[in-house]
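Please read these numbers as outputs of a predicted model, since none were measured by experiment. When a residue number appears, it is its place in the shown sequence, counting from 1. Order of listing sets the numbers, starting from 1, for every ligand and every atom in it.
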Amino acid sequence: MGNSCQNGTYGNNYQNSNRFQNDRFASRYVDGNDTEDCYSGSSRASLAGALRQGLNLKSPVLGYKTPNVRELYTLGRELGQGQFGKTYLCTEISTGCQYACKTILKSNLRCVSDIEDVRREIQIMHHLSGQKNIVTIKDTYEDEQAVHIVMELCAGGELFSKIQKRGHYSERKAAELIKIIVGIIETCHSHGVMHRDLKPENFLLLDADDEFSVKAIDFGLSVFFRPGQVFREVVGSPYYIAPEVLEKRYGPEADIWTAGVILYVLLTGVPPFWADTQSGIYEKVLDGRIDFKSNRWPRISDSAKDLIKKMLCPYPSERLKAHEVLKHPWICDNGVATNRALDPSVLPRLKQFSAMNRLKKLSLQIIAERLSEEEIVGLREMFKAMDTKNRSVVTFGELKGLKRYSSVFKDTEINDLMEAADDTTSTINWEEFIAAAVSLNKIEREKHLMAAFTYFDKDGSGFITVDKLQKACMERNMEDTFLEEMILEVDQNNDGQIDYAEFVTMMQSNNFGLGWQTVESSLNVALREAPQVY
Ligand SMILES: Nc1ncnc2c1ncn2[C@@H]1O[C@H](COP(=O)(O)OP(=O)(O)OP(=O)(O)O)[C@@H](O)[C@H]1O
Ligand SMILES: [Ca+2]
Ligand SMILES: [Ca+2]
Ligand SMILES: [Ca+2]
Ligand SMILES: [Ca+2]
């Protein structure tokens, strides 16, 4: 997954100019003058701070040195343009694989908060990378002029241009697409991220011939949120912005409103809140009346209208949540029923985990420790959100407390979850959590696997032996019993030691991945179902 590259699929109808004719509004701080917004607002850095920091074109953004992107990639033609820079087709010199490189010019970053936004965009891309329908980030680079984000190439062009070409979608097609889009929202929300800039042009297709190969690409306005946290910055794009955002008091529910607008557009080809001017659009949004009468509507099913009404509900607390949208009959009955519930057959496997090969557990911790800060910030946010008492551990009680808000959890499942995530104490600490939650795509990266292997194989002989394992266990204060058995489980050619290939097979073997992924998704459910305080 993720490391095979698609060659030659690059579409020739790639255009960035296919937009709604009137959709020319910037998708940033839409309530006024940019420069002012740069320095105002409680969460924004102060002007004094910006000056103290002595902003100039050469200020580091990433905070660490990187190789020069041009030594590793050949930059090709422009794929698209955004507010801060351009995205180019690029080819990795060592492999010939094609990627997209989003180049953000530092001269366009005018204040500290612009720099913070870029950092956060990268952190959030790492946090969500590898999730379904979300673009995979590969690496980041920085030079004097720019920050470069190298990511998966979406060669199929914008979802938006497809909509425009068709005029509108059939209900069935619309249902399938909105299921993908709301699935993306569910992924974001369950990972503690609010997207804030959902709109068709921020969804690309991997493959022009597959209109369901959708990828969310632009997390430039996304933020981490905690349950109950109230946001006040007015950001988004006019047609898609929720009324509570305009009223400067909102949370993740705003993303659902936006998806409701997208659904309306998919079915009718026009936005639900429409006017010639920005302020005219805002008036319509705040008014909230939805037109179901125009000549397009008689042909559209009542079930579709019902869903739109519930997604465009003016009261955020009454609006459907992402998982509720996915359960709505219009989505399910259109033959795309979702099945996000925990697969019951997975639960017994969770139990196996506690007895899981300690070598895997240890390797996982080693890999987790090696991840860069920007890769794990998102997980840290999730952990903090669950750690309600601020004690740096998540207790059984905290997980159990979350149960009240979810029908998904049964007591026995929470027990399994705790047992799986933790074998000795009755709490999950940060190290255990991150080892549990680090997603497979990160673990599978060659450099991490190699590093973990080398950790055990200190003399570089190419094998992990009982002796070496014993040393590693001592170093880490881990039990060193049953080491022979541990090797036996992994040793495929019965030579009593583990070579790199055997090690990789162990790390990638299914029982392991499934176990941890289930832990991760269960924790996500818990987070998603946490109380919303408004
Ligand atoms: N992974 C990708 N594959 C192909 N094209 C891409 C990719 N990422 C971005 N693009 C192209 O570059 C354009 C700009 O990218 P993006 O939206 O991330 O930039 P931005 O500066 O955040 O723009 P905005 O002004 O919308 O905030 C996209 O609309 C798209 O056409
Ligand atoms: Ca964009
Ligand atoms: Ca953006
Ligand atoms: Ca513990
Ligand atoms: Ca062997």
Undergrad: Where on Lys86 is there a heavy atom closer than 4.0 Å to ligand 1, on the side chain, on the backbone, on both, or on neither?
TA: neither
Undergrad: Looking only at side chains, do Lys102 and Thr87 share a donor and an acceptor under 3.5 Å apart?
TA: no
Undergrad: Please check this pair: side chain of Asp197 against backbone of Phe219, looking for a donor-acceptor N/O pair closer than 3.5 Å.
TA: no
Undergrad: Under 3.0 Å from the Ca ion (ligand 2), is there an N/O/S atom belonging to Gln83?
TA: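 So Gln83 does not count as coordinating the Ca ion (ligand 2).
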Undergrad: Going by the closest heavy atom to atom 6 (C) of ligand 1, which one wins out of Ile217, Leu221, Leu204?
TA: Leu204
Undergrad: Report yes if Asp218 has an N/O atom closer than 3.5 Å to an N/O atom of ligand 1; otherwise report no.
TA: yes
Undergrad: Could you check which N/O/S atom of Asp218 is closest to the Ca ion (ligand 2)?
TA: OD2
Undergrad: Need the ligand 1 atom indices (1-based, order shown) with element for anything under 4.0 Å from a heavy-atom of Glu152.
TA: 1 (N), 2 (C)
Undergrad: Does Ile104 approach ligand 1 within less than 4.0 angstrom via side chain, backbone, both or neither, non-hydrogen atoms only?
TA: neither
Undergrad: Using a distance threshold of 3.0 Å, state whether an N, O or S atom of Asp197 lies below it from the Ca ion (ligand 3).
TA: no
Undergrad: Under 4.0 Å, heavy atoms only, figure out whether ligand 1 is touched by the backbone of Met151, its side chain, both or neither.
TA: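 Side chain only; the backbone of Met151 stays clear of ligand 1.
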Undergrad: Tell me every residue that passes ring-ring contact (aromatic ring centres under 6.0 Å, His included) with Phe292, counting only those two or more places apart in sequence or in another chain.
TA: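 Checked Phe292 against ring-ring contact (aromatic ring centres under 6.0 Å, His included); matches are Trp297.
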Undergrad: Give the atom numbers and elements of ligand 1 that come within less than 4.0 Å of a heavy atom of Gln83.
TA: 20 (P), 21 (O), 23 (O), 24 (P), 25 (O)
Undergrad: With side chain to side chain donor-acceptor pair (under 3.5 Å) as the criterion, how do Arg196 and Tyr240 come out once you've worked through the C-alpha distance, each side chain's angles and the decisive distance to 0.1 Å?
TA: CA-CA 10 Å; Arg196 300 204 302 182; Tyr240 301 97; over 6 Å; no
Undergrad: Please state which option from Leu79, Thr87, Asp197 has its nearest heavy atom closest to atom 9 (C) of ligand 1.
TA: Thr87
Undergrad: Going by the atom numbers of ligand 1, which of them fall below 4.0 Å from some non-hydrogen atom of Phe84?
TA: 21 (O)
Undergrad: Taking 4.0 angstrom as the limit and counting only heavy atoms of Asn202, give me the atoms of ligand 1 inside it, by number and element.
TA: 17 (O)
Undergrad: Looking at Lys106 and Glu142, does any basic side-chain N land under 4.0 Å from a carboxylate oxygen?
TA: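 Salt bridge present between Lys106 and Glu142.
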Undergrad: I need the contact type for Ala100 against ligand 1. Using non-hydrogen atoms and a strict under-4.0 Å cut-off, is it side chain, backbone, both or neither?
TA: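 The part of Ala100 near ligand 1 is the side chain, not the backbone.
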Undergrad: Treating Arg249 as the side-chain partner and Phe231 as the backbone partner, does any N or O pair qualify as donor plus acceptor under 3.5 Å?
TA: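 Not at all, since once roles are kept as given, no pair shorter than 3.5 Å links the two residues.
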Undergrad: Let me see the working for Glu158 and Lys199 under salt bridge (charged side-chain N to carboxylate O under 4.0 Å, His left out), right down to the final yes or no.
TA: CA-CA 11 Å; Glu158 288 185 15; Lys199 52 182 173 178; over 6 Å; no
Undergrad: Give a yes-or-no answer on whether the side chains of Glu375 and Ser372 include a donor-acceptor pair shorter than 3.5 Å.
TA: yes
Undergrad: Could you walk me through whether Lys86 and Thr103 pass the side chain to side chain donor-acceptor pair (under 3.5 Å) test, one step at a time?
TA: CA-CA 5 Å; Lys86 293 179 173 172; Thr103 291; over 6 Å; no
Undergrad: Which one holds for Lys215 and ligand 1: side chain close, backbone close, both close, or neither close, with close meaning a heavy atom under 4.0 Å?
TA: neither
Undergrad: Quick check: Glu121 and ligand 1, any N/O pair under 3.5 Å apart?
TA: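 No; the residue has no nitrogen or oxygen that sits under 3.5 Å from a nitrogen or oxygen of the ligand.
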Undergrad: I'd like to know if Glu373 pairs up with Arg119 as an ion pair, taking the criterion as any Lys NZ or Arg NE/NH1/NH2 lying under 4.0 Å from an Asp or Glu carboxylate oxygen.
TA: no
